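Quick caveat, the model's predicted, so the values are computed rather than measured.
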Amino acid sequence: MANKFYITTPIYYVNASPHIGHSYTNIAADILARFMRQRLGRENVWFLTGTDEHGQKIQKAADEANLSPQEFVDKVVVQFKYLWEKLNISYDDFIRTTEFRHILTVTRVLEILKNKKPTPDIYEAKYEGWYCIPCETFWPKTQIEEKLCPDCKRPIEEISETNYFFRLSNYQGWLIEYIEANPGFVQPANRRHEVLSFLKLNRLTDLCISRPKERLSWGIPLPFSPQHVTYVWFDALINYISAVGTFDKDGKYISGWWGKDTQVVHLIGKDILRHHAVYWPIMLHALNIEFPKDMTIFAHGWWMMGQDKMSKSRGNAVAPLDMADKFGIDTYRYFLLRDVPFGLDGNFSEESIIKRFNSDLANDLGNLVYRSLTMVEKYFQGKIPQEGVLNEQGKRIKASIQALSTEPDLALNIGFNFSLGLEKIWNLIAMANKYVEETKPWNLVKEAKTTELEAFIRLLVDVIKAVADAIYAFMPDTAKSIKEQFGDQEIKKGSPLFPRIDTKPKN
RNA sequence: CGCGGGGUGGAGCAGUCUGGUAGCUCGUCAGGCUCAUAACCUGAAGGCCAUGAGUUCAAAUCUCAUCCCCGCAACCA
């Protein structure tokens, strides 16, 4: 295991407000960051998120809002930051592609690749193809029928212009070998297969990384051609290194978060897999940047709204804040990571949230906490008793508490298999509920078996504290609240953590 | 013949790589208990694991074929 951990989210394109998809990625990243901080120490974890602020769509959205692009992005960024704060996203750094540090690094990358000896990785060439002027979009020949734009159905023009290209094609063989030699690089496995089969069945064409300024001015100027700005994706991917390091005079990349001792995780949605699994590693390789000890690109699935994709055009996008306000931040975080195995698509509905809330949070966890508090209060006047001699069941539970924090399997699984990790925690909660049932403390009270009762209650409290530690990464507020209610010596009972949501129609 | 994913009790899913009594959650039904948020615990009903063929002592799991659903198909986050 590496001793440092660097996790990133995509930088979000700020042409619109955030939806649950954005929040899903950031919550997952936040959980991993918190989880790793518990294990490696706070100073050994770096969590980066940010925003992608250049490009045509931003320029267009800004025009429509009657603002300059900079004014426009400044405004939208506030929404993202506000959301992350509300959702308890504990990022260490927030990068914006319009920041100086980023622009500087992108400029250096372009220079280094352009001046590379003996063969530059960036070259100039004529681009020829179809272009729809109203849509400002290029179309490959294969998508064109009858010389009409596939999008708006208006006539398109064949154009020819000078652009700059990044020599992706040179590195195809290298990339295939790299991915095959590093099974953990692209995850989950089915995405890895997807990328590999794509690479094996197609010939990569070089990536056009420039846009003529007369068409698009909102971007980072090419240092070797003032008439062009950088293509947004090429600009955007570089954020992962521009945020945590710099290039020295000789073009060597220096960073405290990109060494052989660091595990790097790029969390992304499956829609941007190709950019991350193809363009990005080739860019790093072309720049002679050494790969970290462990590097993973993990593509998670999408949230569907019933059978439909979530999209603005369908008008079915859900605002994360609405859900968090309605059900609570921790409930929202729990639901997203528990309901669907990370990597697969899921179905989003308020009904499923309520189901999870009532059964897992209210009935299992909330009720366990509450009934335990009541017992400490009633049987011991709020004082937490000392440890005592345990019966067989008690010993088993104690072993499970240990396992929760040390079992390598669990730690590993929580890494990306969030739902399984939560399931294991909930197994312990179920054990505790069963322990209460079978010990029947109410009988121990009647029979005045105080020693047994003390041992029982103490273990129950210990289980709950262990659960609180285990769920901390997922539900930080809830963990904190549980810890506050169960002190070292005595309890401080509050109201139920998750009051059941009544779904039965009232008569 | 483009590429990939999926089709498992009423619902949602795991299991498939590394064949060997089909598992989880919710729901339903019956019972127990009272510390608790009508919560908790126990038990039960319910599946020819899409279809057909093959390999094998043995197939949800491997092979082939077929049907159905869903993504992706390159300058569009």
S.K.: If I take atom NE2 in residue A:His276 and atom C1' in nucleotide B:C72, what distance separates them, rounded to the nearest angstrom?
M.R.: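 Taking atom C1' of B:C72 as the reference, NE2 of A:His276 is at 17 Å.
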S.K.: Once you apply a heavy-atom cut-off of 4.0 Å, does A:Asp339 come out as touching a base, just sugar-phosphate, or nothing?
M.R.: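 No contact at all - A:Asp339 keeps every heavy atom at 4.0 Å or more from the nucleic acid.
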S.K.: For B:G71, does OP1 or OP2 lie under 4.0 Å from any side-chain N or O of A:Arg191?
M.R.: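 For B:G71, neither OP1 nor OP2 has a side-chain N or O of A:Arg191 closer than 4.0 Å.
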S.K.: Any N or O donor-acceptor pair under 3.5 Å from the base of B:C75 to the side chain of A:Arg211?
M.R.: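 Flag set: donor-acceptor pair detected.
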S.K.: Under 4.0 angstrom, heavy atoms only, what part of the nucleic acid is A:Arg203 near: base, sugar-phosphate, or nothing?
M.R.: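 The residue A:Arg203 makes base contact.
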S.K.: Residues two or more places apart in sequence or in another chain: which of them pass side-chain contact (heavy atoms from CB on, under 4.5 Å) with A:Glu447?
M.R.: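 Applying side-chain contact (heavy atoms from CB on, under 4.5 Å) to A:Glu447 gives A:Asn443, A:Lys449.
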S.K.: Atom CG of A:Asp360 and atom P of B:U25: how far apart are they, to the nearest Å?
M.R.: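 These atoms are roughly 10 Å apart.
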S.K.: Using the C1' atom as the reference point in each nucleotide, state the distance between B:U56 and B:G19 in Å, no decimals.
M.R.: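 Straight-line distance between the two C1' atoms is 9 Å.
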S.K.: Could you check whether A:Leu497 gets within reach of a base, just the sugar-phosphate, or nothing at all, counting any heavy atom under 4.0 Å?
M.R.: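 Answer is base: heavy atoms of A:Leu497 come under 4.0 Å of a base.
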S.K.: Tell me, please, whether A:Phe94 has A:Lys81 positioned over its six-membered ring: NZ or CZ under 6.0 Å from the ring centre and within 45 degrees of its axis?
M.R.: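 That pair qualifies as a cation-pi contact.
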S.K.: Ring centres of A:Tyr334 and A:Trp426 under 6.0 Å apart?
M.R.: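 Yes, the ring centres sit under 6.0 Å apart.
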S.K.: Which part of the nucleic acid does A:Lys57 contact within heavy-atom distance under 4.0 Å: base, sugar-phosphate only, or nothing?
M.R.: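 Sugar-phosphate contact only - A:Lys57 comes under 4.0 Å of backbone atoms but never of a base.
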S.K.: Below 4.0 angstrom from OP1 or OP2 of B:C41, is there any side-chain N or O of A:Lys440?
M.R.: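 Answer is no, no contact under 4.0 Å.
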S.K.: CG of A:Asn427 versus C1' of B:C40: gap in Å, rounded?
M.R.: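 Distance, rounded to whole Å: 16 Å.
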S.K.: Between B:C75, B:A74, B:C26, which nucleotide gets closest to the side-chain atoms of A:Ser359?
M.R.: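 Minimum distance to the A:Ser359 side chain belongs to B:C26.
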S.K.: Quantified in whole Å, what is the C1' atom distance between nucleotide B:A74 and nucleotide B:C49?
M.R.: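 Those two atoms are separated by 38 Å.
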S.K.: What do the steps show when you test A:Phe456 against A:Tyr435 for ring-ring contact (aromatic ring centres under 6.0 Å, His included), and what is the final call?
M.R.: CA-CA 9 Å; A:Phe456 159 77; A:Tyr435 185 46; 5.1 Å; yes
S.K.: Return the value, rounded to whole Å, for the distance between atom CG of A:Asp345 and atom P of B:G12.
M.R.: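 Going from CG in A:Asp345 over to P in B:G12 covers 15 Å.
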S.K.: Determine whether the aromatic ring centres of A:Phe234 and A:Phe166 lie less than 6.0 Å apart.
M.R.: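 Ring centroids of A:Phe234 and A:Phe166 are less than 6.0 Å from each other.
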S.K.: Using the ring of each side chain (for Trp, its six-membered ring), is A:Tyr279 parallel, tilted or perpendicular to A:His275, with breaks at 30° and 60°?
M.R.: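 Ring orientation of A:Tyr279 relative to A:His275: perpendicular.
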S.K.: Report yes if a side-chain nitrogen or oxygen of A:Arg500 is closer than 4.0 Å to either non-bridging phosphate oxygen (OP1 or OP2) of B:A39; otherwise report no.
M.R.: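 It does, given that an N or O in the side chain of A:Arg500 lies less than 4.0 Å from OP1 or OP2 of B:A39.
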S.K.: In whole angstrom, give me the gap between the P atoms of B:A65 and B:G4.
M.R.: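 After rounding to an integer number of Å, I get 13 Å for this pair.
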S.K.: Among B:C13, B:C40, B:C35, which nucleotide sits nearest the side chain of A:Asn433?
M.R.: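 Nucleotide nearest to A:Asn433's side chain: B:C40.
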S.K.: Sticking with atom P, work out how far B:U25 lies from B:C41, rounded to a whole angstrom.
M.R.: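 These two P atoms come out 10 Å apart once rounded.
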S.K.: What is the distance, to the nearest angstrom, from the NZ atom on A:Lys434 to the C1' atom on B:G43?
M.R.: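 Distance check: A:Lys434 NZ to B:G43 C1' gives 12 Å.
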S.K.: How do A:Asn363 and A:Arg371 order along RNA chain B: which one's closest nucleotide is nearer the 5' end?
M.R.: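 So the residue in question is A:Arg371.
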S.K.: Whole angstroms only, please: what is the NZ-P distance between A:Lys355 and B:C13?
M.R.: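 Roughly 11 Å, once rounded to whole Å.
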S.K.: Would you indicate what A:Tyr379 reaches in the nucleic acid, counting non-hydrogen atoms under 4.0 angstrom: base, sugar-phosphate, or nothing?
M.R.: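 Sugar-phosphate only.
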S.K.: Go through the N and O atoms of the side chain of A:Asn367 and the base of B:A36, and report whether any donor-acceptor pair is under 3.5 Å.
M.R.: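 Under the 3.5 Å cut-off, the side chain and the base do form a donor-acceptor pair.
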S.K.: From B:C24, B:A74, B:C35, pick the nucleotide closest to the side chain of A:Glu437?
M.R.: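 Within the option list, the nearest is B:C35.
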S.K.: Between B:G71 atom C1' and A:Trp303 atom CH2, what is the distance in whole Å?
M.R.: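 So the CH2-C1' distance, A:Trp303 to B:G71, works out to 17 Å.
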S.K.: Mind checking the C1' distance from B:G23 to B:G5? Whole angstroms is fine.
M.R.: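 One C1' to the other, the span is 23 Å.
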S.K.: Can you find a side-chain donor-acceptor pair between A:Glu423 and A:Asn427 that sits under 3.5 Å?
M.R.: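 The answer is no; no qualifying pair exists.
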S.K.: Indicate, with a heavy-atom threshold strictly under 4.0 Å, whether A:Phe198 touches base, sugar-phosphate, or nothing.
M.R.: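 The residue A:Phe198 makes base contact.
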S.K.: Give a yes/no answer on whether the side chain of A:Trp442 brings an N or O atom under 4.0 Å of OP1 or OP2 in B:C35.
M.R.: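 Answer no for this pair, as no side-chain N or O of A:Trp442 is under 4.0 Å from OP1 or OP2.
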S.K.: NA contact type, A:Ile272, heavy-atom cut-off 4.0 Å: base, sugar-phosphate, or nothing?
M.R.: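 A:Ile272: backbone/sugar contact only, no base atoms under 4.0 Å.
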S.K.: Determine the contact category for A:Pro441: base if any of its heavy atoms lies under 4.0 Å from a base atom, sugar-phosphate if only primed atoms, P, OP1 or OP2 are that close, otherwise nothing.
M.R.: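 If one applies the 4.0 Å heavy-atom cut-off, A:Pro441 turns out to touch nothing in the nucleic acid.
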S.K.: Could you measure between the two P atoms, the one in B:U16 and the one in B:A22, and give it in whole Å?
M.R.: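 After rounding to an integer number of Å, I get 15 Å for this pair.
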S.K.: What integer number of Å spans the P atoms of B:A60 and B:A53?
M.R.: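 Here B:A60 and B:A53 have their P atoms 14 Å from each other.
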S.K.: B:C26 C1' sits how many Å from A:Asp364 CG, rounded?
M.R.: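 It is 12 Å, rounded to the nearest whole Å.
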